[in-house]
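So the structure is just underneath, and the comments pick up after that.
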Amino acid sequence: MAENYDVIIIGSGPGGYIAAIRAAQLGLKTAVVEREHLAGICSNWGCIPTKALLRSAEVLHLAEHAKNYGLKLEGSISPDLKAIVDRSRGIAQRMNGGVGFLMKKNKVDVIWGEAKLTKPGQIVVSKSSKKPMEPQAPLPKNTLGEGTYNAKHIIVATGARPRALPGIEPDGKLIWTYFEAMVPPEMPKSLLVMGSGAIGIEFASFYRTMGVEVTVVEVMPAVMPVEDAEISAFAKKQFDKQGMKIHLEAKVTKVEKSANSITAHVEMKDGKVEKITADRMISAVGVQGNIENIGLEALGVKTDRGCIVIDGYGKTNVPGIYAIGDVAGPPMLAHKAEHEAVICVEKIAGLPNVHPMDKLKIPGCTYCNPQVASVGLTEAKAKAEGKDIRVGRFPFVANGKAIALGEDQGMVKTIFDKKTGQLLGAHLVGAEVTELIQGFVVAMNLETTEEELMHTIFPHPTISETMKESVLDAYGRALNA
Ligand SMILES: Cc1cc2nc3c(=O)[nH]c(=O)nc-3n(C[C@H](O)[C@H](O)[C@H](O)COP(=O)(O)OP(=O)(O)OC[C@H]3O[C@@H](n4cnc5c(N)ncnc54)[C@H](O)[C@@H]3O)c2cc1C
């Protein structure tokens, strides 16, 4: 018998489960369908387990440099790969258990299986084509199963999967995606990472710190190509110092496999082809939306380049069908999915004053070493938009807290509109900048000007003081440099 809901969400990632909670808070009868793992890619194979791996790398790095802090560590320090991976998987399990708890607490029904839209207002849930992820916390007790379910509003939050280049498809053994890179059975001696976006460079950073010889091949002229060029160049210098080999404006054109290694043909900037052999390769050339086999074509839901087309509130072109998160297009970030979820559900519930998504105010964070974080326009984009700008910069070498921490390699760059003083963009590289960026995100959201930032008191000693100094520098008033 068909169940009736106000809202059904397909997919329980950060988009889906947040939409479910907000809908329940607003008194809507809600269900979420999941086929593989509660909490989606983010908690199970993305944001959180990678940060767990990177934390192990950070602790290893600190231990290896203990003598810089006046500490003697007896004996050798070496990574225990199985324990590192087990810790990361245990954290993923804790996260999906947490979402199970939240569904129960908010009286959201969980439906286990694979959902397909059959007509507006209806889905059919069948046996999942995927094996449930291991380890996974037990599902909420009253989890529902296969069947037909009806809802006034259906939100598609099916996420994304790794993109593959033709002829260089991941095989799970020699050519990894992020799935295999997250759970290596043994440490490769050498690794080639194709693509230096956030996912590629985070894995490059993890494996390099673990002692692996890492080569990165990037087709664009900078690592992390979406970032401000100056910040990318700063980060690259640090990666170079750490011994990563990075080839920019270079392209993997072909991969030959042997029993336990790959040889990549890399077309370099000058057109010459170099053969690079490595034990393993990570293909990190982006992700693509999960739009197939969910009934979108039959219902005429518009898609574009692998993603569902939506307006600023998550509405598709078909009434009653919405999309949020990775499947609704870039930037493919968990916090973008969550915010889209809240906007979408509040609009469905008819709340007044719901603001549409403003993509310019979505921060981006990369947790490599050094970390990179940004919000708003890069200098190049601001100029391309014809804006008259002032730019401020401040280095970590002139910040007492950064020096005390032994983390003096970093910088903050701020970009202001010359006429109005509005903060247009902020770009940071260095220790803990993924935590610091939020100061600038709040400032941008409040449409702050340089004057208000200069009147803000930043605590001492903190690395956050570099943020204020960068603002002062934009106006020729930096105090500590
Ligand atoms: C290695 C890696 C690191 C990352 N690090 C970060 C980071 O640090 N910060 C950040 O913001 N983002 C990060 N991301 C991106 C982030 O994980 C995604 O942006 C986020 O998970 C998107 O959320 P979502 O809800 O749209 O989809 P997902 O999290 O992908 O969830 C979609 C869910 O839908 C389910 N599903 C799909 N189809 C069906 C169906 N037909 N029926 C039922 N269920 C279905 C899937 O099983 C999945 O659980 C990272 C991604 C990766 C891969």
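Just follow the structure's listing: the first ligand is 1, and inside any ligand the first atom is 1. Nothing here was measured: the structure is a model prediction, and the numbers come from that model.
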Report yes or no: does Pro162 have a heavy atom closer than 4.0 Å to ligand 1?
no
At under 4.0 Å between heavy atoms, which part of Ala157 makes contact with ligand 1: side chain, backbone, both or neither?
backbone
Tell me whether ligand 1 is touched by Tyr17 - counting only heavy atoms on the residue side and a distance under 4.0 Å.
no
Identify which of Met332, Lys336, His335, Met182 has a heavy atom lying nearest to atom 15 (C) of ligand 1.
Met332
So is there a nitrogen or oxygen of Cys365 less than 3.5 Å from a nitrogen or oxygen in ligand 1?
no
Quick check: Val327 and ligand 1, any N/O pair under 3.5 Å apart?
no
Please state whether Lys51 comes within less than 4.0 angstrom of ligand 1, counting heavy atoms only.
yes
Hey, does Glu202 come in under 3.5 Å of ligand 1, counting only N/O atoms on both sides?
no
Taking only Lys NZ, Arg NE, NH1 and NH2, and the carboxylate oxygens of Asp or Glu, determine whether Glu379 and Lys413 approach each other closer than 4.0 Å.
yes
Test Arg22 against every option in Glu338, Glu340, Glu346 by the salt bridge (charged side-chain N to carboxylate O under 4.0 Å, His left out) rule and name the one that passes.
Glu346
Can you tell me which portion of Ile10 lies within the under-4.0 Å heavy-atom range of ligand 1? Options are side chain, backbone, both, or neither.
side chain
Near Tyr178 (heavy-atom distance under 4.0 Å), the atoms of ligand 1 are 1 (C), 53 (C)
Considering distance alone, does some N or O of Thr50 sit under 3.5 Å from an N or O of ligand 1?
no
Nearest non-hydrogen protein atom, atom 37 (C) of ligand 1
Thr158 O, 3.3 Å
Can you see which heavy atom on Ile324 is nearest to which on Cys344, and at what distance?
CG2-CB, 3.8 Å
Kindly write out the residues that satisfy ring-ring contact (aromatic ring centres under 6.0 Å, His included) with Tyr322, not counting sequence neighbours, or none if the list is empty.
His153
Shortest reach to atom 20 (C) of ligand 1 by a heavy atom, considering only Pro363, Gly289, Ser128, Pro14
Pro14
Does only the side chain of Ile41 get under 4.0 Å from ligand 1, or the backbone, or both, or neither? Count heavy atoms.
both
Hey, which atoms in ligand 1 end up nearer than 4.0 Å to a heavy atom of Gly113?
42 (N), 43 (C)
Report yes or no: do Arg89 and Asn44 form a side-chain donor-acceptor pair below 3.5 Å?
no
Residue Gly159 vicinity, atoms of ligand 1 by number, heavy atom under 4.0 Å:
26 (O), 27 (O), 28 (P), 30 (O), 32 (C)
Does Ile294 have a heavy atom less than 4.0 Å from any atom of ligand 1?
yes
Can you find an N/O atom of Ala337 closer than 3.5 Å to an N/O atom of ligand 1?
no
